[in-house]
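Heads up: the structure comes next, in structure tokens.
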Amino acid sequence: MSIIRSMRAEDATKVASLEAEIFSQPWSENAFLDSLRLPDTIFLVAEESGVIQGYIGMYLAVDEGEITNVAVDPACRRRGIGEGLLTEMKKRATDHKIARIVLEVRVSNEGAIRLYEKQGFSSVGIRRGFYEFPREDARIMVCAL
């Protein structure tokens with residue numbers, strides 16, 4: 001079973017590798033390291049037996065959190081890892097007095113949209129042409145805490 005913990009600098013190489021495997025415009029290892037150094041961020045990993053299975057990141061601004069990245073290793077999907085990461089992130093957001101969380105997700109990513117809805121997120125709009133490679137709209141989703 002995975003444990004969920006704060007991301008550390010030594011996780012950046014593996015997280016960036018997983019990011020590159022999953023996303024068409026991945027963050028670099030340095031982008032993760034830079035974000036970890038910022039005071040108003042929360043980055044978590046799901047780990048089992050020393051292997052990172054997924055991660056999530058969020059920027060904090062006043063009483064709002066913006067989820068930047070959510071990813072689960074394709075070999076580890078359908079085991080509740082994404083749900084566990086979101087649940088822990090919501091808990092930590094509450095600890096930081098965050099009132100709502102916002103995220104964008106590709107309109108075609110039905111699995112992620114179902115997960116977010118299960119976690120209490122609602123669709124509030126569309127960002128046209130938000131993603132590139134391939135170009136696609138993003139669904140804007142919000143969760144009140």
Side-chain angles (χ1 to χ4, degrees), residues 1-8 10-36 38 40-61 63-96 98-145:
M1 184 160 155
S2 294
I3 62 155
I4 296 176
R5 61 167 176 79
S6 295
M7 188 184 294
R8 300 184 291 250
E10 57 266 27
D11 299 323
T13 301
K14 173 57 179 160
V15 168
S17 174
L18 191 53
E19 174 96 350
E21 181 182 337
I22 295 171
F23 296 109
S24 62
Q25 291 188 281
W27 283 28
S28 68
E29 181 177 343
N30 281 335
F32 281 104
L33 289 169
D34 289 345
S35 291
L36 285 173
L38 296 172
D40 294 325
T41 62
I42 303 170
F43 279 80
L44 307 173
V45 295
E47 177 184 51
E48 184 175 354
S49 303
V51 176
I52 293 176
Q53 299 176 317
Y55 57 91
I56 187 170
M58 185 168 65
Y59 289 138
L60 311 175
D63 66 344
E64 183 172 281
E66 180 185 357
I67 291 182
T68 59
N69 316 62
V70 181
V72 175
D73 186 321
C76 300
R77 291 184 181 160
R78 303 241 178 260
R79 293 195 213 161
I81 294 167
E83 189 167 358
L85 286 163
L86 279 165
T87 297
E88 180 64 21
M89 183 60 83
K90 286 168 59 179
K91 195 168 118 194
R92 295 198 188 194
T94 300
D95 292 345
H96 282 85
I98 297 299
R100 74 181 200 144
I101 299 174
V102 179
L103 61 79
E104 290 97 5
V105 58
R106 284 184 181 272
V107 294
S108 65
N109 193 343
E110 295 173 10
I113 291 167
R114 279 194 307 274
L115 172 62
Y116 298 141
E117 289 172 342
K118 184 178 177 184
Q119 285 281 317
F121 284 81
S122 302
S123 296
V124 296
I126 298 289
R127 292 198 200 282
R128 301 276 177 224
F130 182 77
Y131 293 102
E132 297 180 13
F133 311 118
R135 179 159 293 298
E136 188 172 353
D137 296 344
R139 184 181 291 209
I140 305 163
M141 301 187 78
V142 174
C143 179
L145 300 178

If you take all heavy atoms of [X] and [Y], which pair is closest and at what distance?
{"X": "V105", "Y": "A112", "value": "CG2-CB, 3.9 Å"}
{"X": "D11", "Y": "S6", "value": "OD2-O, 4.2 Å"}
{"X": "S28", "Y": "A16", "value": "C-CB, 4.0 Å"}
{"X": "I56", "Y": "L86", "value": "CD1-CD2, 3.8 Å"}
{"X": "P74", "Y": "L18", "value": "CD-CD1, 4.3 Å"}
{"X": "A93", "Y": "L145", "value": "CB-CD1, 3.6 Å"}

Please tell me if the side chains of F121 and L115 come closer than 4.5 Å, counting only heavy atoms from C-beta onward.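 Of all side-chain heavy-atom pairs linking L115 with F121, none is under 4.5 Å.
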Do F43 and V15 have side chains that get closer than 4.5 Å, going by heavy atoms?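 A side-chain contact under 4.5 Å is absent here.
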Could you give the distance from [atom1] ([X]) to [atom2] ([Y]), rounded to the nearest 0.5 Å?
{"X": "R8", "Y": "I52", "atom1": "CZ", "atom2": "CD1", "answer": "8.0 Å"}
{"X": "I67", "Y": "M89", "atom1": "CD1", "atom2": "CE", "answer": "6.0 Å"}
{"X": "M141", "Y": "I101", "atom1": "CE", "atom2": "CD1", "answer": "12.5 Å"}
{"X": "H96", "Y": "L60", "atom1": "NE2", "atom2": "CG", "answer": "6.0 Å"}
{"X": "Q53", "Y": "D73", "atom1": "CD", "atom2": "CG", "answer": "7.5 Å"}
{"X": "I3", "Y": "L44", "atom1": "CD1", "atom2": "CG", "answer": "11.5 Å"}

If only atom types and distance count, is the side chain of [X] paired as donor or acceptor with the main-chain N or O of [Y] below 3.5 Å?
{"X": "R135", "Y": "G129", "value": "yes"}
{"X": "T87", "Y": "E83", "value": "yes"}
{"X": "S2", "Y": "I81", "value": "no"}
{"X": "R127", "Y": "I140", "value": "no"}

Pair K91, E88 - check salt bridge (charged side-chain N to carboxylate O under 4.0 Å, His left out), show working. CA-CA 5 Å; K91 195 168 118 194; E88 180 64 21; 3.5 Å; yes
For the residue pair F32 and W27, does the interplanar ring angle fall in the parallel (under 30°), tilted (30 to 60°) or perpendicular (over 60°) class?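 Geometry flag for W27 against F32: tilted rings.
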Going through the checks in order, is the side-chain hydrogen bond (donor to acceptor under 3.5 Å, both in side chains) test met by S35 and Y59? CA-CA 9 Å; S35 291; Y59 289 138; 2.7 Å; yes
E110, CD atom: more than 12 neighbouring heavy atoms under 6.0 Å: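 No - once you tally the heavy atoms of other residues, nucleotides and ligands closer than 6.0 Å, there are 12 at most.
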Might you work through the side chain to side chain contact (heavy atoms under 4.5 Å, CB included) test for D63 and R100, ending with a clear yes or no? CA-CA 7 Å; D63 66 344; R100 74 181 200 144; over 6 Å; no
Going through the distances and angles, do R92 and M58 end up as a side chain to side chain contact (heavy atoms under 4.5 Å, CB included)? CA-CA 10 Å; R92 295 198 188 194; M58 185 168 65; over 6 Å; no
Y55 vs E19, test: side-chain hydrogen bond (donor to acceptor under 3.5 Å, both in side chains). Steps then yes/no. CA-CA 9 Å; Y55 57 91; E19 174 96 350; 2.4 Å; yes
